[in-house]
Visitor: 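I'd like to ask some things about the structure below.
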There are 2 protein chains.
Amino acid sequence: MSSNPSREKILAAAKKVAQAHGYSGLNFRDLAEDVGIKAASIYYYFPNKADLGAAVARRYWEDSAAVLEALLAKFSDPIHSLRHYPDTFREALENNNRLCLCSFMAAEYEDLPEPVKKEVQTFADVNVAWLSKVLSAANVVSSEETERRAQAIFAAVAGAQLIARSRSDISLYDALIESYRVAGLLPA
Amino acid sequence: MSSNPSREKILAAAKKVAQAHGYSGLNFRDLAEDVGIKAASIYYYFPNKADLGAAVARRYWEDSAAVLEALLAKFSDPIHSLRHYPDTFREALENNNRLCLCSFMAAEYEDLPEPVKKEVQTFADVNVAWLSKVLSAANVVSSEETERRAQAIFAAVAGAQLIARSRSDISLYDALIESYRVAGLLPA
DNA sequence: ACCTGAACACCGTTCAAGT
DNA sequence: ACCTGAACACCGTTCAAGT
């Protein structure tokens, strides 16, 4: 849990690269240059690429979980928190048209080392659990529909981000989310 | 338009690989082995990787367009064609848990050569145009909502496929599509 | 503790040259 | 027309050595 400066820099740089180019696009030489050390030095902090990838993905869902908890705490009415859920995915697009790390890794899934896969799953679990909790508290769907609706919202928002990124068009993302609201998938 | 056997074999093999590992996962040595020639021989048919990628993506949307036209022709009521739209994405999952070629390439967008990007765009255009046409004919949304709803359905279905693939769980795909119907995004 | 140069094994990409 | 050998560039990884 110590916050080593170089280790933190590596994680931050790797996160950016992975969001833009995926796990397969991560390479130690460019990463090292970004951080200001040599490629071989990364091995002092991470035993290999799989371990680095897993650490990046774990950090990613931990950060997401914290953002979502803050979003829940921010409003007394859970429906307001829910309305701001798509903002968390919008921010990646605002930030150099980046994709959710775990959406990219979902595409790459077949090629991921096992420990990385595990963290990608957890990202989905964290999102679906949060949505379930909030949907339930906001009472917008029947209790037997809650879990499925949570999964549907997560998948649809991830899809919107993916398509908007391929157009480099953040207004398309907004239009898609608005359309989900009009259709009834998200609360108006 | 001549149907050269080796060229066709290369395109078919490349399509499979790109759906599982993306454009960046396409490699000439494995591809050549699949086809039964040497890696360097692929360059006889395609000047470089960008050109091969563009040819694969173009073939992909051409095939999709044909499938969608057949789906439209199959039913007299357009609402029935629309109900079967998600089947086209389901088939990739059935087929060795593969992803839509253009969804993978949407993730990789930043790294794609220009001609490949163009074909990926066209895939989206073909799908949205078909959905718009069918939504319009089926009269399920107001005419001013048609285009946006078409985009929303395309993005949501792509997202469902992406998430289901990352779980290697085709029943999750079915549950997501069903949930879209319950929510009102897709016609029941 | 933290970092590096240099090397290794491997693999995708390219091109000049073969038949 | 169709194919290939061989070189090139790059990448993950290791390790002995430096501070």
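Chain identifiers are assigned alphabetically (A, B, ...) following the order of the sequence lines, protein sequences preceding nucleic acid strands; residue numbering begins at 1 within each chain. When reading the values below, keep in mind they use all heavy atoms of this one structure, side chains included, and skip hydrogens, waters and symmetry mates.
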Visitor: In whole angstrom, give me the gap between the P atoms of C/dC2 and D/dA17.
Guide: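 These two P atoms come out 22 Å apart once rounded.
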Visitor: Below 4.0 angstrom, N of the basic side chain to O of the carboxylate: do B/E144 and B/R149 qualify?
Guide: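 Here B/E144 does not pair with B/R149 in a salt bridge, since their nearest N and O are not under 4.0 Å apart.
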Visitor: Where along residues 104-117 of chain B does a heavy atom come under 4.0 Å from DNA chain D, residue by residue in number order?
Guide: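 Nucleic-acid contacts, sorted: none.
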Visitor: Any residue in residues 46-57 of chain B with a heavy atom nearer than 4.0 angstrom to DNA chain C? Just list them by number, or reply none.
Guide: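 Heavy-atom contacts with DNA chain C come from B/K49.
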Visitor: Keeping to residues at least two apart or across chains, list the salt bridge (Lys or Arg N to Asp or Glu O under 4.0 Å) pairs with something in residues 158-172 of chain A.
Guide: A/R165-B/E110, A/R167-B/D125
Visitor: Can you find a side chain N or O atom of A/Y45 that sits less than 4.0 Å from OP1 or OP2 on C/dC3?
Guide: yes
Visitor: Tell me who clusters with A/F104, hydrophobic residues only, linked when side chains sit under 4.5 Å apart either directly or through other members.
Guide: A/L99, A/L162
Visitor: If a pair satisfies salt bridge (Lys or Arg N to Asp or Glu O under 4.0 Å) and one of its residues is in residues 31-46 of chain A, list it, with sequence neighbours excluded.
Guide: none
Visitor: Taking atom P of D/dC2 as reference, at what distance in whole Å does atom CD1 of B/I10 sit?
Guide: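 In whole Å, D/dC2 P lies 11 Å from B/I10 CD1.
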Visitor: For each nucleotide in nucleotides 4-11 of chain C, reading 5' to 3', give B when a protein heavy atom comes within less than 4.0 Å of its base, S when such contact involves only the sugar-phosphate, and - otherwise.
Guide: BB-B---B
Visitor: Is the side chain of B/S168 donor-acceptor paired with the backbone N or O of B/A164 at a distance under 3.5 Å, no angle test?
Guide: no
Visitor: May I have all residue pairs that pass ring-ring contact (aromatic ring centres under 6.0 Å, His included) and include part of residues 130-160 of chain A, sequence neighbours excluded?
Guide: A/Y85-A/W130
Visitor: Can you tell me how far P of C/dA17 sits from OH of B/Y43, to the nearest Å?
Guide: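 In whole Å, C/dA17 P lies 19 Å from B/Y43 OH.
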Visitor: Test your reading of the model: is there a side-chain donor-acceptor pair from A/Y173 to the backbone of A/L93, 3.5 Å cut-off?
Guide: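 No; judged by distance alone, with no hydrogens or angles, the pair does not exist.
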Visitor: Does anything in residues 17-42 of chain B pair up under ring-ring contact (aromatic ring centres under 6.0 Å, His included), and if so which pairs, sequence neighbours excluded?
Guide: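 Every pair satisfying ring-ring contact (aromatic ring centres under 6.0 Å, His included) with a residue in residues 17-42 of chain B: B/F28-B/Y43.
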Visitor: Please determine if a side-chain N or O atom of A/S6 lies less than 4.0 Å away from the OP1 or OP2 oxygen of C/dC3.
Guide: yes
Visitor: What is the distance, rounded to the nearest whole Å, between atom NZ of B/K9 and atom P of D/dC2?
Guide: 13 Å
Visitor: Between B/S132 and B/V128 (side chain of the first, backbone of the second, donor and acceptor by atom type, cut-off under 3.5 Å), is there such a pair?
Guide: yes
Visitor: Which pairs, with at least one residue in residues 75-90 of chain A and sequence neighbours excluded, count as a salt bridge (Lys or Arg N to Asp or Glu O under 4.0 Å)?
Guide: A/R90-A/E94, A/R90-A/D174
Visitor: In which ranges does DNA chain C form stems of 3 or more consecutive Watson-Crick or G-U pairs, distances under 3.5 Å?
Guide: C:4-8 with D:12-16, C:12-16 with D:4-8
Visitor: Determine which pairs satisfy salt bridge (Lys or Arg N to Asp or Glu O under 4.0 Å) with at least one residue from residues 13-29 of chain B, sequence neighbours left out, and list them in order.
Guide: none
Visitor: Does some side-chain heavy atom of A/S24 sit less than 4.5 Å from a side-chain heavy atom of A/E108?
Guide: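 Side chain of A/E108 against side chain of A/S24, heavy atoms only: contact under 4.5 Å found.
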Visitor: Can you list every side-chain hydrogen bond (donor to acceptor under 3.5 Å, both in side chains) pair that touches residues 48-65 of chain B, not counting sequence neighbours?
Guide: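 As it turns out, the side-chain hydrogen bond (donor to acceptor under 3.5 Å, both in side chains) pairs with a partner in residues 48-65 of chain B, which skip direct neighbours, are B/E8-B/R59, B/R58-B/E119, B/W61-B/E119.
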